[in-house]
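A, B, ... follow the sequence lines: proteins, then strands. Residue 1 opens every chain.
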Amino acid sequence: MPAKTQPARGMRDFLPADLRKREYVIRVIKETYERYGFEPLETPAVENIETLLGKYGEEGNQLIFKILKRGEHERTGEADLALRYDLTVPLARVVAEYGERLPKFFKRYQIQPVWRADRPARGRFREFYQCDVDVAGTRSPVVEAELCAAATDALTALGFTNFTIRLNHRQVLAGVLDAAGVAADKHADALVALDKLDKIGREGVARELAGRGIRPESGEELLGFFENLPALEHAAEFVAGDGGGTEVSKAEAYNRAALGRLVEFVGDNESGARGVDELRRIVEYAAACGAADRIKIDPSLARGLSYYTGAIMEISVPDLAGSLGGGGRYDNLVGMFSGKDIPACGFSLGLERIIVVMTERGMFPENLERAAADVLVTVWDEESVRDSLAFAAGLRREAPALRVDVYPDADKLGKQLKYASSRGVPFVVVIGEDERARGEVALKDMASGGQETVARAHAAAILSERLYGNKS
RNA sequence: GCGGCUAUAGCUCAGUCGGUUAGAGCGCCUGACUGUGGAUUAGGAGGCCGUGGGUUCGAGCCCCACUAGCCGCCCCA
């Protein structure tokens, strides 16, 4: 049987056209993060397994790719290493490890692959890139606001217009559930069920809540709260339209209304009230950053990772069931490594999902698909190979912007032109016996089919002018 | 992890009721073409029909298992 040549399940090869797109998206995101004062970080693909275990919740633990011990221990099936599952935990480890050597506020971005032993699906792979930005060292909601602004800028620069950053808060969630009388150990169950409200409807959620052992009175109370949230949209529209001189967008009006509703429902639940207050400040600060219209407070947002302690956010677009990215505040994660409580908050954009949506909507710039070379230098026969190589080297030296390819075989000229044509190379250089004798080359413009004979010494300048219009 | 669909040439796909040498379009290669691509035209190569088993006189087609992919659920970036 021939060896399997497909990549391992859920993993992908990236051919040149794929990589052009990926590099473009990464470049835009990186430039955006840099403009907010974030610095780059890379960490190893592999972490000690105890670094990862117990950080992501039960589900996460099972999806970690583990690496068996090597050598004589291999038989035991015991793992001591694992592929990183996200970029947040490695950051927390780095912050714990380098402590005082890092700036007081450590703002870093990190764009690297992570691995999850998940089942592959649309926009979901076992190896995929995350584009993380995080700030360690402060509890200020300025961070949340700036992260939302940076993510907004990055997506806008890529051409997205219809995304929403859903915003919620772990303590607010807890407060709401407490207020409804859901026992602390049932919080997670309640959230899973409530998350499906827009999919399976009120009846379905009520059934699921009951099935998960939540008291009907509590369920009813929660449903009453969540069900009425959409109504706030209409109210918000009314308020926004009614402006009367004050500049209030629909999104802002909605957020204010939602905050008001949360205050009412949470009541005197202390941590819940504090959480609502934090949300209010995040929204205000985000407004100052110019990102307020993207943010929508969504009290039903939960997120799976267990390390979040405060604000949580997630980016949605209508095209995709999942999210384009997400993040939140994790004030205790660094402490799990060093014992020192260093607060942190971060955000992650999912490269693969962004690319899925951009590909489907045709959002990539056209020049990404341009040919790999600007000029193909053909070879006349075996004897003239050196001459063609030398001429190509001269072109590269005289016009560094020119991308020059040399045809490697002494094939018939027609075949060489056909190759240039199929590769989309715009210019071809032909050096036949006549041209060589006269110290000239023939310059063929593949688009027009036209051809001119020029002195070798002028070829670089003429090509530059034809391609870039600069008459240097 | 659960349910459904799919697997035939490099690509997209046809293949009748189970019947002999498995087809098309596109792509690729060669020629017509003299020192020149695209267009036209004449040829050509290329398939253990996903893998393994079973039913049958006979399997691309029917049955089972496995593998991989796609869609939904769950979960997630």
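For A/Arg353 against B/C76, a side-chain-to-base donor-acceptor contact under 3.5 Å is present. Judged by distance alone with a 3.5 Å cut-off, no donor-acceptor contact links the side chain of A/Gln416 to the base of B/U36. Contact of A/Glu435 with B/G35 (side chain to base): a donor-acceptor pair of N or O atoms is detected under 3.5 Å.
If you take CH2 of A/Trp115 and C1' of B/C76, they are 18 Å apart, rounded to a whole angstrom. The separation between A/Gln110 atom CD and B/A77 atom P is 16 Å, rounded to whole Å. One atom, CZ of A/Arg9, and another, P of B/U67, lie 9 Å apart when rounded to the nearest Å. A/Tyr419 places its OH atom 20 Å from the P atom of B/U36, with the value rounded to the nearest Å. Here B/U36 presents its P atom at 6 Å from CG of A/Leu413, a figure rounded to the nearest Å. B/C76 atom P lies 17 Å from atom CZ of A/Arg126, rounded to whole Å. Distance, A/Trp380 CH2 to B/G35 P: 7 Å, rounded to whole Å. Across the protein-nucleic acid pair, A/Gln130 atom CD and B/C76 atom P stand 13 Å apart, rounded to whole Å.
Between A/Arg466 and A/Glu452, at least one side-chain N (NZ, or NE/NH1/NH2) sits under 4.0 Å from a carboxylate O, which counts as a salt bridge. Under a 4.0 Å N-O distance rule, the pair A/Arg139/A/Asp331 qualifies as a salt bridge.
Of the candidate nucleotides B/G37, B/G35, B/C71, B/G37 has the atom lying nearest to any side-chain atom of A/Ser421. Of the candidate nucleotides B/G35, B/C2, B/A77, B/A77 has the atom lying nearest to any side-chain atom of A/Ser323. Closest to the A/Met446 side chain, of the nucleotides B/G37, B/U36, B/A77, is B/G37.
Taking atom P on both nucleotides, B/A24 is separated from B/G43 by 13 Å, rounded to a whole Å. Taking atom P on both nucleotides, B/U55 is separated from B/U12 by 35 Å, rounded to a whole Å. Spacing of P atoms, B/G23 relative to B/G15, comes out at 15 Å, to the nearest Å. For the P atoms, the distance from B/G4 to B/G10 is 32 Å, rounded to whole Å. The separation of B/G27 from B/C61, taken at their P atoms, amounts to 31 Å, rounded to a whole angstrom.
A/Val114 comes within 4.0 angstrom of no nucleic acid atom, judged by non-hydrogen atoms across all strands.
Considering only residues two or more places apart in sequence or on other chains, A/Phe427 meets the ring-ring contact (aromatic ring centres under 6.0 Å, His included) condition with none of them. In this structure A/Tyr407 satisfies the ring-ring contact (aromatic ring centres under 6.0 Å, His included) test together with A/Tyr419, sequence neighbours excluded. In this structure, A/Arg119 has no salt bridge (charged side-chain N to carboxylate O under 4.0 Å, His left out) partners at least two apart in sequence or on a different chain. Judged as a salt bridge (charged side-chain N to carboxylate O under 4.0 Å, His left out), and not counting sequence neighbours, the contacts of A/Glu220 are A/Arg202. For A/Phe225, the ring-ring contact (aromatic ring centres under 6.0 Å, His included) partners at least two apart in sequence or on another chain are A/Phe265. Considering only residues two or more places apart in sequence or on other chains, A/Lys107 meets the salt bridge (charged side-chain N to carboxylate O under 4.0 Å, His left out) condition with A/Glu146. Partners of A/Tyr85 under the ring-ring contact (aromatic ring centres under 6.0 Å, His included) rule, at least two apart in sequence or in another chain, are A/Tyr56. For A/Lys21, there are no salt bridge (charged side-chain N to carboxylate O under 4.0 Å, His left out) partners at least two apart in sequence or on another chain.
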Please list each protein N or O that sits under 3.5 Å from an N or O in nucleotides 25-31 of chain B, with the distance.
{"from": "B/U30", "atom 1": "OP1", "to": "A/Lys415", "atom 2": "NZ", "distance (Å)": "2.9"}

Could you go step by step and tell me if A/Asp134 and A/Phe38 meet the side chain to side chain contact (heavy atoms under 4.5 Å, CB included) rule? CA-CA 8 Å; A/Asp134 294 74; A/Phe38 288 92; over 6 Å; no

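Remark: A/Arg126 is not positioned above the aromatic ring of A/Phe65, lacking an NZ or CZ atom under 6.0 angstrom from the ring centre and at most 45 degrees off the axis. For the pair A/Arg22 and A/Phe14, the cation sits on the ring face: its NZ or CZ lies under 6.0 Å from the ring centre, inside 45° of the axis.
Smallest separation of non-hydrogen atoms from A/Arg93 and A/Pro44: NH2-CD, 3.9 Å.
Within the 4.5 Å cutoff, the side chain of A/Val429 has heavy atoms near those of the A/Val375 side chain.
With a 3.5 Å limit on both pairing distances and Watson-Crick or G-U wobble geometry required, the stems of 3 or more pairs in RNA chain B span B:1-7 with B:67-73, B:10-13 with B:23-26, B:28-32 with B:40-44, B:50-54 with B:62-66.
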What does the B/S/- profile of nucleotides 40-45 of chain B look like, 5' to 3', with a 4.0 Å heavy-atom cutoff to protein? ------

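Contact check of residues 25-36 of chain A against RNA chain B (heavy atom, cut-off under 4.0 Å) returns no residues at all.
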